[in-house]
> 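Starting off with a structure, shown below.
So that the names make sense, note that chain A is the first sequence line, chain B the second, and so on, each numbered from 1. What's counted below: heavy atoms across the whole structure, side chains too, no hydrogens, waters or symmetry copies.
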Amino acid sequence: MLSGYVKNRNLSAARLLFDEMPQRDVVSWNTLLSGYAQNGYVDEAKEIFDFMPNKNSISWNGILAAFIQNGRFESARQLFETKSDWDIVSWNSMMAGYVRKKRLVDAKRLFERMPERDIVSWNTMISGYAQNGEMLEAHKLFEESPTQDVFTWTAMVSGYVQSGMLTEARRIFDKMPEINAVSWNTIIAGYTQCKRMDLARELFEAMPCQNISSWNTMITGYAQNGEITCARNLFDKMPQRDSISWAAIIAGYSQSGNSEEALCIFIEMMRDGENMNRSVFTCTLSTCADIAALELGKQVHGRLVKAGYEMGCFVGNALLKMYCKCGSIEESYDVFEGMPGKDLVTWNTMIIGYAKHGFGKEALRVFESMQVKGIQPDDVTMVGVLSACSHSGLVDIGTEYFQTMGQEYGITAKPQHYTCMIDLLGRAGCLEEARALMRNMPFEPDAATWGALLGASRMHGNTKLGEEAAEKIFEMEPDNSGMYVLLSNLYADLGRWSDVKKMRMFMRDKGVQKVPGYSWIEVQNKIHTFSVGDSVHPEKDRIYALLEYLDQRLKKEGYISATKMVLHDVEEEEKEHMLKYHSEKIAVAYGILTIPAGRPIRVIKNLRVCEDCHNAIKYISKIVGRLIILRDSTRFHHFNCGSCSCGDYW
DNA sequence: CTAGGGTTAG
């Protein structure tokens with residue numbers, strides 16, 4: 001009876017029954033203990049353990065495993081030191097705990113200290129080395145071990161797979177005296193990871209014992225090799241699915257840029273009644289982040305809270321990113337503060353989030369408190385810190401960090417750091433310094449680096465440098481239409497219309513396709529997308545009427561539509577006309593009409609916001625008294641009371 | 001207690 005409740009994870013019923021039992025033997029205590037332990041209730045498990053009148057080795061194993069599996073490794077270690085007559089299962093658990101922490105030296109010490117070793121002890125040690133790329137050590141132990149079973153062999157195969165040594169992995173696999181589904185799945189995953197889907201498929205078809213994991217391996221493999229249609233075929237065909245299958249296909253669609261389909265599948269999954277696991281939460285939240293589906297994201301957040309997941313690492317980080325990328329930086333900070341187990345990704349996400357919103361000071365504050373907490377920053381952190389400085393115009397501080405990060409944190413500057421610095425110096429008008437830094441950097445500049453210089457040249461009207469940068473970029477990335485647009489805008493700024501025209505012809509000759517600009521906004525759970533001069537939206541009359549009205553008000557406020565700033569993507573005669581109808585403006589207008597007063601209007605654009613719209617939206621925020629948050633392809637703009645969080649500096 | 005499938009920052 002008690003074990004039935006525990007098996008069904010009905011722990012409150014189990015507890016009630018347990019409390020009413022007239023007599024409890026050690027088995028009943030252990031049953032409840034393991035029930036708590038396996039469902040993450042470590043404190044309850046510990047309480048039961050402490051109250052037990054007598055304990056056997058199963059009880060000791062239970063509490064030790066509870067600590068190890070729920071991330072309380074320090075408690076496990078201390079408990080382990082309190083007595084010496086552990087049974088072999090506990091020794092093995094403890095060793096596995098060290099292995100999971102990648103503390104192989106400690107694991108090995110335990111392995112040598114233990115009174116007797118069984119095959120699990122050997123396997124744990126072998127797989128520990130194998131998983132950490134120490135194949136020589138793994139191989140040595142493999143040879144030394146008295147017997148080998150299917151675990152031992154599979155651990156070796158897995159190790160070679162992880163190290164990318166597929167030929168060796170296959171050699172071992174072919175020698176195995178006994179093969180099970182896990183061994184097959186291991187080698188198949190190896191082939192998918194080195195993009196050999198043909199060989200993976202061959203083995204998948206050949207294996208006699210396919211299980212759900214085999215299908216999941218193949219689905220992930222196809223998805224990650226850009227063959228989402230094949231992935232979908234398998235997903236539709238598979239005899240049974242689990243939550244990992246759903247996570248794999250959702251992530252597949254999301255990563256191949258089809259966020260809408262990913263979210264449709266997520267909704268289908270909920271209708272199907274499938275349980276949600278951490279991966280499903282993680283990749284769904286990440287998809288919401290990509291298309292800034294804040295309403296849906298919040299609903300997923302709600303389900304997450306209901307499901308009672310701890311905000312640990314993966315899920316919490318995805319949630320944090322969702323709020324950041326949906327432009328809801330305050331909520332992001334709430335999530336951040338409430339996360340008990342922050343890891344490096346958590347800190348980096350928050351810093352980068354603030355940086356992209358133009359809140360440089362806040363980003364630096366988080367960076368400071370990260371160091372107070374004793375977390376070592378890595379290269380990604382520094383990209384965030386430098387771009388925070390760059391987006392907020394903090395030249396001196398940024399330069400200081402860049403110069404000291406080597407000795408201070410042991411981080412060698414990568415191309416991205418140089419790009420940040422060139423961006424930082426360039427924006428601040430120090431074009432010569434930026435160019436000099438570029439000459440002195442220990443890498444060949446890539447297109448992104450030249451792009452930063454081109455952007456800065458445009459901002460400060462330096463044609464010579466701009467042309468030089470543009471030329472390099474056209475060589476490296478002839479299809480990068482954004483850069484043609486930048487250079488063409490530089491000419492337009494200076495009124496060099498013949499050069500603008502030349503650029504346009506150049507692009508036509510080269511067959512460069514401009515990426516069409518569009519913007520979208522989420523209203524009542526539905527995404528509304530607008531393109532330039534949109535005329536398909538059912539509410540278009542109201543939208544254009546509002547735009548007309550705003551236009552009149554803008555003129556009264558002293559705003560002059562600056563045709564000199566115009567546009568890359570239109571012919572001259574269309575200029576004045578097109579200004580009104582830029583997608584970001586239309587989306588903002590629609591937001592003003594539909595989003596209740598007092599709530600921010602959040603718009604997303606796939607390209608960089610155009611300068612004229614940026615100006616206009618500043619005024620609009622003042623006229624209508626609304627907070628407008630615009631995410632463009634590089635950062636966020638918070639428009640409020642006539643000014644923008646980017647300080648007109650983006 | 002040991003082996004496989006998924007998910008987070010730029």
Side-chain angles (χ1 to χ4, degrees), chain A residues 61-62 64-65 68-69 86-97 99-100 118-128 130-131 149-159 161-162 176 179-190 192-193 211-221 223-224 242-252 254-255 277-287 289 312-322 324-325 343-353 355-356 378-384 386-387 414 416-417 419-420 448:
Chain A
N61 293 343
L64 190 71
I68 294 174
Q69 279 158 26
W86 292 96
D87 83 351
I88 192 162
V89 174
S90 299
W91 280 95
N92 288 340
S93 299
M94 199 58 215
M95 213 167 63
V99 165
R100 215 176 305 167
D118 64 4
I119 191 160
V120 175
S121 331
W122 284 94
N123 289 347
T124 304
M125 212 52 236
I126 290 171
S127 90
Q131 294 304 318
D149 64 2
V150 66
F151 280 81
T152 331
W153 285 93
T154 309
M156 290 301 290
V157 174
S158 170
V161 163
Q162 307 284 328
M176 289 176 72
I179 311 174
N180 65 14
V182 178
S183 335
W184 282 97
N185 295 344
T186 307
I187 189 82
I188 291 173
T192 69
Q193 278 154 29
N211 59 15
I212 297 187
S213 297
S214 327
W215 289 82
N216 291 346
T217 306
M218 290 301 294
I219 290 172
T220 309
Q224 286 177 354
D242 62 8
S243 50
I244 294 189
S245 327
W246 288 95
I249 196 75
I250 292 172
S254 180
Q255 281 155 14
N277 63 0
R278 287 182 170 77
S279 311
V280 170
F281 278 121
T282 305
C283 60
T284 305
L285 286 168
S286 166
T287 311
C313 296
F314 277 65
V315 181
N317 291 342
L319 189 64
L320 187 57
K321 180 184 139 182
M322 188 275 290
C324 279
K325 291 207 121 184
D343 66 1
L344 187 57
V345 175
T346 317
W347 291 95
N348 288 352
T349 307
M350 196 67 237
I351 291 171
I352 290 161
K356 291 221 164 192
D378 70 351
D379 55 319
V380 179
T381 320
M382 293 319 292
V383 171
L386 295 179
S387 77
K414 289 184 171 176
Q416 288 145 303
H417 299 110
T419 303
C420 282

> May I ask you to verify whether the side chain of A:Asn180 and the base of B:dA3 hold a donor-acceptor pair under 3.5 Å?
yes
> Return the set of residues passing side-chain contact (heavy atoms from CB on, under 4.5 Å) with A:Ser387 (not counting sequence neighbours), or none when no residue passes.
A:Ala355, A:His391, A:Cys420
> Nearest to the A:Asp343 side chain among B:dC1, B:dT8, B:dG10, which nucleotide is it?
B:dT8
> Using a 4.0 Å heavy-atom cut-off across all strands, classify A:Asp149 as base, sugar-phosphate, or nothing.
nothing
> Name the nucleic acid region contacted by A:Ile352, choosing base, sugar-phosphate or nothing; use a 4.0 angstrom heavy-atom cut-off, strictly under.
sugar-phosphate
> Rounded to the nearest angstrom, tell me the gap between atom CH2 in A:Trp246 and atom C1' in B:dT7.
17 Å
> Give one of base, sugar-phosphate or nothing for A:Asp378, where a contact means two heavy atoms less than 4.0 Å apart.
base
> Over all strands shown, is A:Ser213 touching base, sugar-phosphate only, or nothing at heavy-atom distances under 4.0 angstrom?
base
> Please classify the nucleic acid contact of A:Thr154 as base, sugar-phosphate, or nothing, using heavy-atom distances under 4.0 Å.
base
> Just call it for A:Ala251: base, sugar-phosphate, or nothing, with non-hydrogen atoms closer than 4.0 Å on any strand.
sugar-phosphate
> Counting distance alone, no hydrogens or angles: does the base of B:dG10 have a donor or acceptor under 3.5 Å from a partner atom on the side chain of A:Asn348?
no
> A:Ser93 pairs by side chain to side chain contact (heavy atoms under 4.5 Å, CB included) with which of A:Thr124, A:Ile68, A:Val120?
A:Ile68
> Below 4.0 angstrom from OP1 or OP2 of B:dG5, is there any side-chain N or O of A:Gln224?
no
> Between A:Ser286 and B:dT7, is there a side-chain N or O to OP1/OP2 distance below 4.0 Å?
no
> Which nucleotide in the list B:dA9, B:dC1, B:dG5 gets nearest to the side chain of A:Val380?
B:dA9
> Would you state whether a donor and an acceptor, one from the side chain of A:Asp242 and one from the base of B:dG5, lie under 3.5 Å apart?
yes
> Which of the following nucleotides, B:dT7, B:dA3, B:dG10, is nearest to the side chain of A:Phe314?
B:dT7
> Mind checking if A:Ile68 touches a base, just sugar-phosphate, or nothing, with heavy atoms under 4.0 Å?
nothing
> Taking the side chain of A:Gln255 as heavy atoms from C-beta outward, which of B:dT8, B:dG5, B:dT2 is closest to it?
B:dT8
> Going by salt bridge (charged side-chain N to carboxylate O under 4.0 Å, His left out), name the residues that satisfy it together with A:Asp242, two or more places apart in sequence or in a different chain.
none
> At under 4.0 Å, does any side-chain N or O of A:Lys321 touch on OP1 or OP2 of B:dT8?
no
> When you get a sec, tell me which of B:dA9, B:dG5, B:dC1 is the closest nucleotide to the side chain of A:Ile212?
B:dG5
> Could you state the CH2-C1' distance from A:Trp347 to B:dG10, rounded to the nearest angstrom?
19 Å
